[in-house]
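Quick notes on the structure that follows.
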Protein chains: 2
Amino acid sequence: MKTIEQLLESKQIRVTAMRLLIYKFLAEKKVAVTLSDIENAFEKADRTTLYRTIKTFEEKVIVHQIDDGTGITKYALCEQGCNCDIKTDLHLHFHCNNCNETICLTDHKIPQIKVPDGFVSENVNLVVKGICDKCSS
Amino acid sequence: MKTIEQLLESKQIRVTAMRLLIYKFLAEKKVAVTLSDIENAFEKADRTTLYRTIKTFEEKVIVHQIDDGTGITKYALCEQGCNCDIKTDLHLHFHCNNCNETICLTDHKIPQIKVPDGFVSENVNLVVKGICDKCSS
DNA sequence: TTAACAAATGCACTTCCATTGCACTTACTA
DNA sequence: TAGTAAGTGCAATGGAAGTGCATTTGTTAA
Ligand SMILES: [Mn+2]
Ligand SMILES: [Mn+2]
Ligand SMILES: [Zn+2]
Ligand SMILES: [Zn+2]
């Protein structure tokens, strides 16, 4: 079990106080978060720092971006050793129309999708919308 | 074969010059369009009118909205007698990473997606990204 | 045919999220 | 410990989406 420090260093990311805090925040959350969510959690920090931290995490494949159709991009931690950058490891996302939360269904891989002749598939985004387990019970 | 006027009237939409023009514009396009695309095509018309026309078309299920992950919502005409409002008739969309165009693959229906126990699926958005037929040849 | 009403259009303005330039501070490295 | 590269904060910008209100256009019924 790596520490967060070790994880960041292994990805050539400098360890800073802010980055550790943001990482921990993401790790505690079970759901995908928006930039505003992070902003609200760290009111003393500047929005730009949070923004660029997330962008750094994204580049280094520590978080992945989720477009759940709400118009606001969300982010969630990648799994250990995930390869979401190179198209393997495409799991689906679920967006709850009731509580508005979006979660990764990491063990629900996206099925192979057939496209017409001449088309080349490089990536797939699959979002299921409905009612989540917490809201349906 | 209905005229456009008849189609609009059958959906309780008043026929206006602007609406006819916008409908024709959408019909000629083979790809999904953004509001800006429409705006550029009709420079004398006001953005708001175009915006509200599209919204009206959407409500009356003449066009459907497409979220292709670019962050800009696109629109495309519905098929004759489509039921994209009531979840049957969910086709997939293809977004070309090269020419940035998005098209409806209307005869590629979205497969049944399994979700975990407790989750209820109401709707699915499936976007395949890659290289389109025009760009790959 | 026209008066009255409802819907459509145009203009101005607002909000929200994403993104950037630049100055300043902090952290690594020689 | 000085020098340099990266991180952070502040201010500003841009784009897309959405709204309030006045004006124009279209429909309907007297
Ligand atoms: Mn995910
Ligand atoms: Mn479509
Ligand atoms: Zn929920
Ligand atoms: Zn293309």
Side-chain angles (χ1 to χ4, degrees), chain A residues 4-26 32-60 62-76 95 100 102, chain B residues 4-26 32-60 62-76 95 100 102:
Chain A
I4 303 175
E5 283 89 343
Q6 287 170 336
L7 172 67
L8 295 183
E9 279 166 1
S10 75
K11 303 244 185 183
Q12 334 292 346
I13 302 176
R14 281 201 195 173
V15 177
T16 69
M18 210 56 242
R19 287 173 176 174
L20 288 173
L21 286 171
I22 294 176
Y23 188 97
K24 281 176 197 155
F25 176 74
L26 292 169
V33 301
T34 66
L35 201 55
S36 298
D37 291 335
I38 306 177
E39 217 180 327
N40 293 335
F42 300 100
E43 304 213 336
K44 50 233 144 99
D46 187 77
R47 196 188 150 70
T48 315
T49 304
L50 306 173
Y51 173 75
R52 290 201 258 236
T53 299
I54 283 289
K55 286 292 160 193
T56 302
F57 283 2
E58 204 186 340
E59 272 171 29
K60 300 302 174 76
I62 285 183
V63 304
H64 60 278
Q65 194 172 330
I66 302 166
D67 172 20
D68 62 8
T70 56
I72 305 164
T73 53
K74 297 185 177 173
Y75 303 90
H95 175 75
N100 205 35
T102 298
Chain B
I4 304 175
E5 283 88 344
Q6 288 169 335
L7 171 67
L8 295 182
E9 279 165 0
S10 76
K11 304 244 183 182
Q12 336 291 345
I13 302 176
R14 282 199 194 175
V15 177
T16 69
M18 210 54 244
R19 287 172 176 176
L20 288 173
L21 287 171
I22 294 175
Y23 188 97
K24 281 176 196 156
F25 175 75
L26 292 170
V33 300
T34 66
L35 203 55
S36 298
D37 292 335
I38 305 177
E39 216 180 326
N40 294 334
F42 301 99
E43 305 214 337
K44 47 233 144 102
D46 186 77
R47 233 184 59 75
T48 315
T49 305
L50 306 174
Y51 173 75
R52 291 202 255 235
T53 299
I54 284 289
K55 286 292 158 195
T56 302
F57 282 3
E58 204 187 337
E59 271 170 32
K60 300 302 175 76
I62 284 181
V63 304
H64 60 278
Q65 195 171 330
I66 302 166
D67 171 20
D68 63 8
T70 56
I72 304 164
T73 52
K74 297 185 176 173
Y75 303 90
H95 175 74
N100 204 33
T102 298

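No experiment lies behind these values; they were computed from the predicted model shown. Chain identifiers are assigned alphabetically (A, B, ...) following the order of the sequence lines, protein sequences preceding nucleic acid strands; residue numbering begins at 1 within each chain.
Here the P atom of nucleotide C:dA8 and the CG atom of B:Leu20 are 13 Å apart, to the nearest Å. The distance from atom CE of A:Met18 to atom P of C:dT25 is 19 Å, rounded to the nearest whole Å. One atom, CD of A:Gln12, and another, C1' of C:dC28, lie 14 Å apart when rounded to the nearest Å. One can place CG of A:Asp46 at 15 Å from P of C:dT26, the figure rounded to the nearest angstrom. At whole-Å resolution of the value, CD1 in B:Ile22 and P in C:dA8 are 12 Å apart. Distance, B:Glu59 CD to C:dA8 P: 10 Å, rounded to whole Å. The separation between A:Leu50 atom CG and C:dT19 atom C1' is 14 Å, rounded to whole Å. B:Ile38 places its CD1 atom 16 Å from the C1' atom of C:dT9, with the value rounded to the nearest Å.
Looking at heavy-atom distances under 4.0 Å, B:Thr56 makes no contact with the nucleic acid at all. Counting any heavy atom pair closer than 4.0 Å across all strands shown, B:Lys44 reaches no nucleic acid atom. Here B:Arg52 lies in heavy-atom contact (under 4.0 Å) with a base.
Side-chain N/O atoms of A:Thr16 include none lying less than 4.0 angstrom from OP1 or OP2 on C:dT26.
In this structure a side-chain-to-backbone donor-acceptor pair under 3.5 Å is missing from A:Ser36 to A:Glu39.
If you check distances only, the side chain of B:Thr48 does reach the base of C:dC11 with a donor-acceptor pair under 3.5 Å.
With the nearest nucleotide of DNA chain D identified for both A:Thr49 and B:Val15, A:Thr49 has the one nearer the 5' end. The residue among B:Ser36 and A:Ile13 whose nearest nucleotide of DNA chain D lies closer to the 5′ end is A:Ile13.
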Start with the C-alpha distance between A:Leu8 and A:Leu20, add both sets of side-chain angles, then the distance that settles side chain to side chain contact (heavy atoms under 4.5 Å, CB included), and finish with yes or no. CA-CA 9 Å; A:Leu8 295 183; A:Leu20 288 173; 4.2 Å; yes
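In the 5' to 3' direction, nucleotides of DNA chain D lying under 4.0 Å from heavy atoms of chain A begin and end at D:dA6 to D:dA11.
Just one residue in the list A:Asp67, A:Asp37, A:Asp68 forms a side chain to side chain donor-acceptor pair (under 3.5 Å) with A:Lys74, and that residue is A:Asp68.
Taking the six-membered ring wherever Trp is involved, the centroid distance between the rings of B:Phe57 and B:Tyr75 does not fall below 6.0 Å.
Remark: B:Arg19 CZ to B:Leu50 CG distance equals 11.5 Å, nearest 0.5 Å. To the nearest 0.5 Å, the span separating CD on B:Glu58 from OG1 on B:Thr53 amounts to 12.5 Å. How far CD1 of B:Ile38 is from CG of B:Leu26: 5.0 Å, rounded to the nearest 0.5 Å.
Here the side chain of A:Arg47 is nearest to one of C:dG10, C:dA27, C:dT19, namely C:dT19.
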